[in-house]
Student: 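First, the structure itself, so that you have it in front of you.
What you are looking at is a predicted structure, and each value in this text was computed from that prediction instead of being measured.
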Amino acid sequence: MLHPRARTMLLLAIPALIIGIFSSLVLIVVMKVASVLQTMLWTAIPAKLGISFDSPVWIVVMLTLTGIAVGLVIRFSPGHAGPDPALEPLISAPVSPSALPGLIIALIIGLAGGVSLGPEHPIMAVNIALAVFLGSRILPRVGVLDWTILASAGTIGALFGTPVAAALIFSQTLSGNSDVPLWDRLFAPLMAAAAGALTTSLFFHPHFSLSLPHYGQMQIADIFSGAIVVAIAIALGMVAVWCLPRLHRLMHKLKHPVLMLGVGGLILGILGAIGGPVTLFKGLDEMQQLAFSQVFSVSDYLLFALVKLAALVVAAACGFRGGRIFPAVFIGVALGLMLHEHVDAVPAAITVSCSILGLVLVVTRDAWLSLFMAAVVVPDATLIPLLCIVMLPAWLLLAGKPMMMAWRNDK
């Protein structure tokens with residue numbers, strides 16, 4: 001009774017569900033282990049030693065030791081704990097399964113130790129590698145690209161707790177074949193993303209949305225304000241784009257990963273001591289502190305944004321295993337709150353959402369993901385038309401500009 005097209009889609013439905021669930025479980029286990037280790041390093045041990053966890057000395061020591069530990073993992077693990085994330089896009093070719101244990105350990109240590117990177121890139125690499133390795137043996141007729149797409153979709157759904165982001169991203173990347181309808185090609189990835197999102201929601205709920213004052217009816221002046229905010233965010237992000245490959249080349253002259261990451265950890269510790277604990281870690285929980293706190297001033301928010309941006313560049317350039325999207329969102333929140341405090345006539349909903357849009361666009365160069373992140377952090381339907389409008393000049397500003405990646409000939 002089913003059309004051949006429907007039977008083809010159903011063939012991948014069960015593998016898609018399994019991959020989505022498994023992708024989420026990998027993320028959940030890594031995040032839980034990292035959370036337990038973070039509590040030990042930043043709460044239990046300082047309390048036993050009689051040291052405050054936000055002491056500049058403790059921050060510098062912890063980040064330096066974290067860098068040395070990650071360097072040791074990369075130096076001695078098979079496959080050097082996977083590829084350098086500074087050289088790779090979010091979704092890339094599958095890595096060797098032998099590199100996965102080192103990659104996971106390096107990620108957990110970095111997350112727990114306070115490194116300013118998110119889990120998205122290593123988790124994506126782990127899930128793609130496992131899906132390709134296992135899937136190609138169980139169903140050899142399914143190609144490597146198909147397994148890669150399913151694992152990527154499942155991971156995106158798990159990371160953001162919704163399949164919407166995966167739908168937006170893959171509606172762009174899978175739209176090339178006119179012979180097969182787009183929704184046929186999206187069917188299996190959306191199944192994987194939905195399974196990943198639902199599995200994640202059973203264990204924890206990612207807290208992206210901020211409690212900001214509701215934005216009323218859109219005015220013409222708000223469009224100009226939003227465009228200016230996006231331009232400021234892009235300008236700030238392009239400073240990081242310029243710095244990353246040059247710092248990456250400089251740091252890799254040290255050659256040895258333990259030395260390179262130890263020095264990087266020391267720099268991150270100094271930056272963390274300057275910015276305080278709120279500028280450490282991936283930034284998801286810390287951006288909630290920015291939004292709820294009533295004590296920060298314009299200069300404080302500016303300091304947080306600049307320190308986090310510097311920490312993001314240093315962490316990526318030194319070879320820490322992690323992603324750049326979550327820290328970019330934190331920087332966008334800090335920058336947006338700073339601009340609102342500086343010019344309070346512009347609503348915080350506009351400054352924060354447009355700052356996130358600009359910075360995520362610089363980091364990912366993906367318009368759909370940028371719109372999604374801006375809309376999910378500031379969940380106000382009235383803002384959607386404004387965000388779509390200001391995306392246009394933002395895209396023009398970034399057309400032809402370099403990506404936030406290091407040069408492959410650095411080494």
Student: Is there a side-chain contact between Leu168 and Leu369, using heavy atoms and a 4.5 Å cut-off?
Tutor: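 Side-chain contact under 4.5 Å: no.
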
Student: Measuring only between side-chain heavy atoms, which start at C-beta, is Phe330 closer than 4.5 Å to Lys282?
Tutor: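 Side chain of Phe330 against side chain of Lys282, heavy atoms only: no contact under 4.5 Å found.
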
Student: Answer yes or no: are there more than 12 heavy-atom neighbours, outside Phe22 itself, under 6.0 Å from its atom CZ?
Tutor: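 No - once you tally the heavy atoms of other residues, nucleotides and ligands closer than 6.0 Å, there are 12 at most.
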
Student: Please enumerate all residues that pass ring pair (Phe, Tyr, Trp, His ring centres under 6.0 Å) together with Phe281, with sequence neighbours excluded.
Tutor: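 Scan of Phe281 (ring pair (Phe, Tyr, Trp, His ring centres under 6.0 Å), adjacent residues dropped) gives Trp42.
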
Student: Is any side-chain heavy atom of Val333 closer than 4.5 Å to one of Glu286?
Tutor: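 The answer is no, as the side chains (C-beta and beyond) never meet within the 4.5 Å cut-off.
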
Student: Aromatic rings Phe326 and Phe160: how do their planes relate, parallel, tilted or perpendicular, breaks at 30° and 60°?
Tutor: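 The rings of Phe326 and Phe160 stand perpendicular, inter-plane angle above 60°.
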
Student: Might you work through the side chain to side chain contact (heavy atoms under 4.5 Å, CB included) test for Val263 and Cys318, ending with a clear yes or no?
Tutor: CA-CA 8 Å; Val263 171; Cys318 293; over 6 Å; no

Student: Is it true that a side-chain atom of Glu120 and a backbone atom of Leu159 form a donor plus acceptor pair closer than 3.5 Å?
Tutor: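 Not confirmed, Glu120 side chain does not pair with Leu159 backbone.
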
Student: Are any non-hydrogen side-chain atoms of Pro277 and Phe53 less than 4.5 angstrom apart?
Tutor: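 Yes, at least one pair of side-chain atoms sits under 4.5 Å.
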
Student: Test your reading of the model: is there a side-chain donor-acceptor pair from Ser24 to the backbone of Thr200, 3.5 Å cut-off?
Tutor: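 Side chain of Ser24 to backbone of Thr200, a donor-acceptor pair under 3.5 Å: yes, one is there.
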
Student: Counting only heavy atoms not in Ile14, do more than 12 fall under 6.0 Å of its CD1?
Tutor: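 No, CD1 of Ile14 has 12 or fewer neighbouring heavy atoms, counting only those of other groups under 6.0 Å.
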
Student: With Tyr215 as reference, evaluate Asp380, Thr382, Asp222 under the side-chain hydrogen bond (donor to acceptor under 3.5 Å, both in side chains) test and give the passing residue.
Tutor: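 The option that passes is Asp222.
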
Student: Heavy atoms only: give me the nearest Ser52-Trp58 pair and the separation to one decimal.
Tutor: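 Heavy atoms only, the tightest pair is O-CB, 3.9 Å.
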
Student: Please find the pair of heavy atoms, one from Ala125 and one from Leu103, that lie closest to each other, and give the distance.
Tutor: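 The answer is CB-CD2, 3.9 Å.
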
Student: First locate atom CG of Leu371, then atom CD1 of Ile356, and finally report the distance between them rounded to the nearest 0.5 Å.
Tutor: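 So the gap between those two atoms works out to 12.0 Å.
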
Student: Please check: side-chain N/O of His121 versus main-chain N/O of Gly322, any donor-acceptor pairing under 3.5 Å?
Tutor: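 No, because the side chain of His121 does not come within donor-acceptor range (under 3.5 Å) of the backbone of Gly322.
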
Student: Sequence neighbours excluded and cut-off under 3.5 Å, please list the side-chain donor-acceptor pairs for residues 337-350, or say none.
Tutor:
unit_1: His340; atom_1: ND1; unit_2: Val346; atom_2: O; d: 2.8
unit_1: His340; atom_1: ND1; unit_2: Ala348; atom_2: N; d: 3.3

Student: Which pair of non-hydrogen atoms, one from Met124 and one from Leu90, has the smallest distance, and what is that distance?
Tutor: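 Heavy-atom minimum between the residues: CG-O, 3.3 Å.
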
Student: Please name the pair of heavy atoms, one in Lys401 and one in Arg365, separated by the smallest distance, quoted to 0.1 Å.
Tutor: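 Result for this residue pair: O-NH1, 3.1 Å.
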
Student: Do the side chain of Ser35 and the main chain of Met31 share a donor and acceptor less than 3.5 angstrom apart?
Tutor: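 Not a single qualifying donor-acceptor pair exists.
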
Student: Could you report the tightest heavy-atom contact between Ile109 and Ala69, atom names first, then the distance?
Tutor: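 Closest approach of Ile109 to Ala69, heavy atoms only: CG2-CB, 4.0 Å.
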
Student: Verify side chain to side chain contact (heavy atoms under 4.5 Å, CB included) between Leu306 and Leu236, making sure each step is shown before the conclusion.
Tutor: CA-CA 9 Å; Leu306 295 178; Leu236 184 63; 3.9 Å; yes

Student: Looking at NZ of Lys32 and CG of Leu27, how far apart are the two atoms once the value is rounded to the nearest 0.5 Å?
Tutor: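 Here the interatomic distance stands at 10.5 Å.
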
Student: Are Leu87 and His248 close enough, and set up right, to give a side chain to side chain contact (heavy atoms under 4.5 Å, CB included), and what steps lead you there?
Tutor: CA-CA 10 Å; Leu87 300 171; His248 186 273; 4.2 Å; yes

Student: Does some side-chain heavy atom of Leu284 sit less than 4.5 Å from a side-chain heavy atom of Met287?
Tutor: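 SC-SC contact between Met287 and Leu284 confirmed.
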
Student: Compare every heavy atom of Ala316 with every heavy atom of Asp84, then report the nearest pair and how far apart it is.
Tutor: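 What the structure gives for the nearest pair is OD1-O, 4.1 Å.
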
Student: Rounded to the nearest 0.5 Å, what separation is found between the CG atom of Leu383 and the CE atom of Met218?
Tutor: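 These two atoms lie 9.5 Å from each other.
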
Student: What's the spacing between Leu254 CG and Leu259 CG if we round to 0.5 Å?
Tutor: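 With rounding to 0.5 Å, CG (Leu254) is 4.5 Å from CG (Leu259).
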
Student: Return the CD1 to CG distance between Ile59 and Leu268, rounded to the nearest 0.5 Å.
Tutor: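 Result: 11.5 Å between the selected atoms.
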
Student: So does Leu202 have more than 12 non-hydrogen atoms from other groups sitting under 6.0 Å from CG?
Tutor: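 Yes, enclosed.
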
Student: Sequence neighbours left out, what pairs pass salt bridge (Lys or Arg N to Asp or Glu O under 4.0 Å) with at least one residue falling in residues 11-26?
Tutor: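 Those involving residues 11-26 do not exist here.
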
Student: When you measure from the side chain of Gln38 to the backbone N and O of Gly114, does any donor-acceptor pair fall under 3.5 Å?
Tutor: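 No: the side chain of Gln38 does not pair with the backbone of Gly114.
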
Student: For Met403, does the CE atom have more than 12 heavy-atom neighbours from other residues, nucleotides or ligands under 6.0 Å away?
Tutor: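 Count over threshold, so yes.
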
Student: Do the non-hydrogen side-chain atoms of Thr279 and Leu271 ever get within less than 4.5 Å of each other?
Tutor: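 In short, these two side chains do not touch, never coming nearer than 4.5 Å.
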
Student: Would you call Pro85 and Arg321 a side-chain contact if the rule is heavy atoms closer than 4.5 Å?
Tutor: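 Yes, their side chains come closer than 4.5 Å.
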
Student: Atom CD1 in Ile105, atom CD1 in Ile74: separation rounded to 0.5 Å?
Tutor: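 Between atom CD1 of Ile105 and atom CD1 of Ile74 there are 11.5 Å.
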
Student: Are any of the side-chain heavy atoms of Val314 and Phe320 separated by less than 4.5 Å?
Tutor: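 No. Closest side-chain heavy atoms not under 4.5 Å.
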
Student: Evaluate the criterion side chain to side chain contact (heavy atoms under 4.5 Å, CB included) for residue pair Phe170 and Ile91; output intermediate values, then yes/no.
Tutor: CA-CA 11 Å; Phe170 287 105; Ile91 302 173; 4.2 Å; yes

